[in-house]
Asks: 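Following this message is one structure expressed as structure tokens.
Predicted model, so just to flag it, every value in this text is computed and none were measured. Residue numbers start from 1 in every chain, and the chains themselves are labelled A, B, ... in the order their sequence lines are given, proteins ahead of strands.
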Amino acid sequence: MFYGSGVLRGMLVTLKNMIQSYFCKPEDGGLFTSQYPEKRLPEKERFRNFPFLIYDKEPENLRCVACDICAKECPPKCIYIIRDFDTDGKPLKKPKIFDIDLTVCMNCGICEEACPFDAIYMDHEFEISGRERQGSLLYHKDDLLKSNEHFHKIRPTDAAAIDTRRQEDEAKKQAVKKEPPKPPSTAS
Amino acid sequence: MEKTVTLQDSGAIDTQTLDINIGPQHPSTHGVFRMNMKLDGETVVSLKPVMGYLHRNHEQIAENMFYLGSMPYTDRLDYFNSMTNNFVYALTVEKLAQIEVPERADYIRVIMSELTRLVNHVSVTGFLLNDLGAFFTPVLYAFRERERILDIFEEVSGARMMCNYFRFGGVKYDLSGEALVAIKDVVSRFPKFLDEYEKLLTKNEILCMRCQNVGILSPELAISASITGPMLRASGVNYDIRKVDNYSIYDRFKFRVPLGKVGDVYDRYYVRILEMRESLKILEQALKEIPAGEIMAKKMAPFVKAPRNFKPPLGESYARVEAPKGELGIYIVSDGTPQPWRYHVRAPSFINLTILEDLCVGHKVADAVVILGSVDIVLGEVDR
Amino acid sequence: MDQLFVGIKTALLSMLGTFMPDWLVTVHSVLISATGIAIFGPLTMMYLTLIERKVVARMQNRLGPNRVGKFGLLQPVADGIKMLTKEDIVPYKADKLLHLLAPITIVVPALMVFAVLPFGRGMIAADLNVGILYFLAVSSTTTISIFIAGWGSHNKFALLGAMRAVAQMVSYEVPMVLSLVPALMIAGSLSTGAIVAAQAERWFAFTPWGFVAFIIFYLCGVAEVNRSPFDLAEAESEIVAGFHTEYSGMKFALFYMAEFMNTFTISALAATIFLGGWHGPFLPSWFWFLLKTYILIFVMIWFRGTLPRLRIDQLMGLAWKFLLPMALVNVVVAGFWYMSSGVIRTFGSIACLVVAFMVLTALNRPYVPEKREYTFAEN
Amino acid sequence: MTELTFIAQLGIYAMMFVVLAAAVAAVTLRNLFHCALALAGVLIGVAGMYLAMHAEFLAMVQILIYVGAVMTLIIFAIMLTQRLGAGDVAQNNKQSLFGAVAAAGFVVTLGGILWKTPWPVKEEAVTSSFSASDLGESLMTTYVLPFEIIAIVLFAVLIGAIVVARKDAPKGAEQ
């Protein structure tokens, strides 16, 4: 049409949006920003942030056996594990030191994939801040430990699937322990 | 201020060029990128791009890392489209190790990369308008749609921008029911948004004045400088890798490739809008035909739990993908060990930047900024 | 209600008159209206910044500032305190005197211009019989302060910004003055009060020439104030922040204040000359004046929320090759409108103006958007 | 009302002093940009004096023309030429003594003439209120010929300026 019509049509779009922001719902053109601290968006289950170690019921019997696979798999190498030894020097299946440097970790989730003992999973908690660069953001074992209930709370379906799988392995192991293993010659 | 450059013929007053740095820290260089410009008044006389501020040694790290380890690093290449970066890395390794990808995984991959194309094109037109001076309104309309797609990425892969979702031989998680419903909802709502977006922008006289016949890229220069992506198609050259290579399952979808005629900033802007409409067509077809089934190749099952002892056979392979910014390719030479011997990324933004000087000389300072915006670079990919 | 403020002033003066000699009372009457303006000016500026952020936010489907105070009402106070406490950095090789002089010389004209605006019936601080000329003269001195800012901060971007700003302001003053000529011609006097009186029964904007003059004056006003789509001087995407790149703290706040007060005064003047100033059916006169002015300010904010920016040579082209001839044609049409009467009066002038518009768009071929077609490759 | 006129008188004398000071500064300052600003100060001071003598129209036109346009031109010239605004321009050269003598001679002769001529001041010219519309009428009726001639001169100047500017950018003009 006439020379200024494109500009006017564009301005009508912004005016329509301005009016809609008062009257419409967020889906069809209304205010789609949420006021963060007061009102939070629903968390997605697969959302992954920094990892955490799982323990069943008490913090002592954590699932991690200090096999160091996740430390080797981690691309930016931010996990540091030292195995625990009992009084007379025999290695134990528990980590004495398990540090994750959150300033280095890029929450890619490969440690969760590689861990054969379902010991390390990605957390949902993202409001983490530290006053200085090295100190508080280097999480030690006790900062990382979280209960299985917490895991169920943040990731219900995954936690349930993992628990059923662990129960089956448990049952299979019990079954194998009960009747003695057949001699290898007769194994087909 | 070095020697004076006499631009007019002899006898006229000789002027002095103003040496200006549209420096690494500047509101409209889309990241840390410096343009060392010589100006005569407002007109650009010479322009030297300076890059490398965001170099993170990605290729060297990949050569000391086992294969799956550098998958999350590919997210950081073109941090706007992490899915297409993963796609090309997965394709290269699958070509190297001859891995067959199941049907459903291929469909998921196409859906995800077309969604990233929507995210990228809609944000780029928004940023282009930002360089033109529209005070953030088009960008925020674009980001409203981008948010909806990023929510889908978060629901599917776990992270909004750094998805790390593709695996060699398939994808990490399956596409749940509600995720499919959410994607259908976004895809059905997008055309209405695009019409409103076009009503705001395409016929806008000021946009036409500022973008038409600015930064014209001739097809010959584009081909000789190996420009790819929307920039090449805006100059009228019909070259879209989805059609040329037919990689993955793109040959099953009916879609067209929009081509411009003049090849200026306006054509690059409008070709991207038309490409978004084509991506929507692909998404509709893919969402209709997605089959049920496996999402991970049988061959790769043992390596899911132990990624580090995945050793592809000896040899080299180069796969390329039509990333939203152009032809993104990864070249790997493997020596049988779990770590690639050579790993190189062909970054489209880097190569599209080489002709920035030819486009900008003769235009005004304001045009140089707009031309940089229309070239659509992301410094993560340029500096790697 | 209409004479509320005038009543307050007269009451004050009579109260003062009891114990003061009468010459001191006249001095006080000037002082009262001066303090009235000195309070009103910065106050509108503060709340204009908030209104602008809220309106542009709403256009972008978000809320805008709502943390400081109930609906973000204390946001301007917070901004003010922030500006006061921010360190005021003067570049090393900059010219200290000029760097300090620029913000002062840009705020003074912005405040002086309020004197001539008719806020309501009988509420003009100084009803000069050269009101409009006073407005133009004072607002043309801001070009020099932009020069001082550009040169004083010894920064290439500031220099570029100053050059652009001055070229823009000088070349937009000509069509602005010429667009006022028809209104002054019909009203017969330069004083703002007389112009408002002349629009008692029919606002100038409702006459054909008045509408065109209003559009031209308004566009030139937006350019004069360096606001979008003509905000070339402080184009953040090209030359960082133009002439006030090197300013921070209170000096930057002064530039900000000058820009917003100029926005208010230009809209107020456009409302006075073309939208019948404080004329309005039953609401009090000063309310009508503020309502019209804020509507025009809303349109300026609306421009900022929507339109991209013009390039420097297109900007010049628009002023010299489009607005100026249009304003000249408009002066002739206004004369024709004044002389003729009846049907040919309105239709004749409208036809004339439309033809001029078409001819000018035809002549400005490079600025008119071309038709583009795109082919689709199948394979 | 005598106190008011006394304060007004005081104000006018203060303004005159400021104008004189600015004029001296305009000539003697080292940095050329500061001189230009001092000149702007002088012009605004002169406009203030017109206001004091109730010639509002003349004051406004003075500011509009001189401060708005002429000063802009001067500052443009200073900023655009090399090394002019940088502030280290040599102030005086060898002929400064000879210049001073010539200036003193000029001041003396001018002062003498000013002092001796009887300024014929008619009574009603001072008190008559003079508005812009009277100026307009007189321009259109009695002085219409000079008005037209000035218009033609300005027109010629405009065309001249465009022609000069055109010659400057023959190559890049039509890009």
Asks: Given heavy-atom pairs under 4.5 angstrom as the criterion, report whether the side chain, backbone, both or neither of B:M162 touches chain A.
Replies: backbone

Asks: Minimum heavy-atom separation for A:R63 and A:D118, please, with both atom names.
Replies: NH1-O, 3.1 Å

Asks: Measuring heavy-atom distances to chain B, does A:E43 have an atom under 4.5 Å in its side chain, in its backbone, in both, or in neither?
Replies: neither

Asks: Do A:I162 and A:R166 come within less than 4.5 Å of each other through their side chains, counting heavy atoms only?
Replies: yes

Asks: Please report the C-alpha distance between B:R160 and B:E147 in whole Å, then the side-chain angles of each, then the deciding distance to 0.1 Å, and finally whether the salt bridge (charged side-chain N to carboxylate O under 4.0 Å, His left out) criterion is met.
Replies: CA-CA 9 Å; B:R160 290 161 48 90; B:E147 281 310 311; 3.1 Å; yes

Asks: Against chain B, label A:C74 side chain, backbone, both or neither, depending on which of its atoms sit under 4.5 Å from a heavy atom there.
Replies: neither

Asks: Please name the pair of heavy atoms, one in B:D264 and one in B:V214, separated by the smallest distance, quoted to 0.1 Å.
Replies: CB-O, 3.4 Å

Asks: Would you please indicate if the ring centroids of B:F87 and B:Y165 are separated by under 6.0 Å?
Replies: no

Asks: Please evaluate residues B:Y89 and B:Y73 with respect to the criterion ring-ring contact (aromatic ring centres under 6.0 Å, His included), reporting the C-alpha separation (whole Å), side-chain torsions for both, the decisive distance (0.1 Å), and the verdict.
Replies: CA-CA 10 Å; B:Y89 187 46; B:Y73 284 98; over 10 Å; no

Asks: Considering only heavy atoms, which portion of A:L8 lies under 4.5 Å from any heavy atom of chain B: side chain, backbone, both, or neither?
Replies: neither

Asks: Would you call A:D68 and A:R83 a salt bridge, taking side-chain N to carboxylate O under 4.0 Å as the test?
Replies: no

Asks: Answer with side chain, backbone, both or neither: which region of B:L68 has an atom nearer than 4.5 Å to a non-hydrogen atom of chain A?
Replies: both

Asks: Could you look at B:F193 and say if it's the side chain, the backbone, both or neither that has a heavy atom under 4.5 Å from chain A?
Replies: neither

Asks: Taking A:E113 first and then B:K172, would you say they form a salt bridge - that is, a charged N and a carboxylate O separated by under 4.0 Å?
Replies: yes

Asks: Can you tell me which portion of A:F47 sits under 4.5 Å from chain B's heavy atoms? Options are side chain, backbone, both or neither.
Replies: both

Asks: Counting heavy-atom pairs under 4.5 Å to chain A, which of B:V304, B:L201, B:D151 comes out on top?
Replies: B:D151

Asks: Identify which part of A:S5 has an atom lying under 4.5 Å from any heavy atom of chain B, answering side chain, backbone, both or neither.
Replies: both

Asks: Looking at A:R46, A:M106, A:K44, which makes the most heavy-atom pairs under 4.5 Å with chain B?
Replies: A:R46

Asks: Is it the backbone or the side chain of B:C163 that comes under 4.5 Å from a heavy atom of chain A, or both, or neither?
Replies: backbone

Asks: Which one wins on heavy-atom pair count under 4.5 Å against chain A: B:P307, B:A159, B:G69?
Replies: B:P307

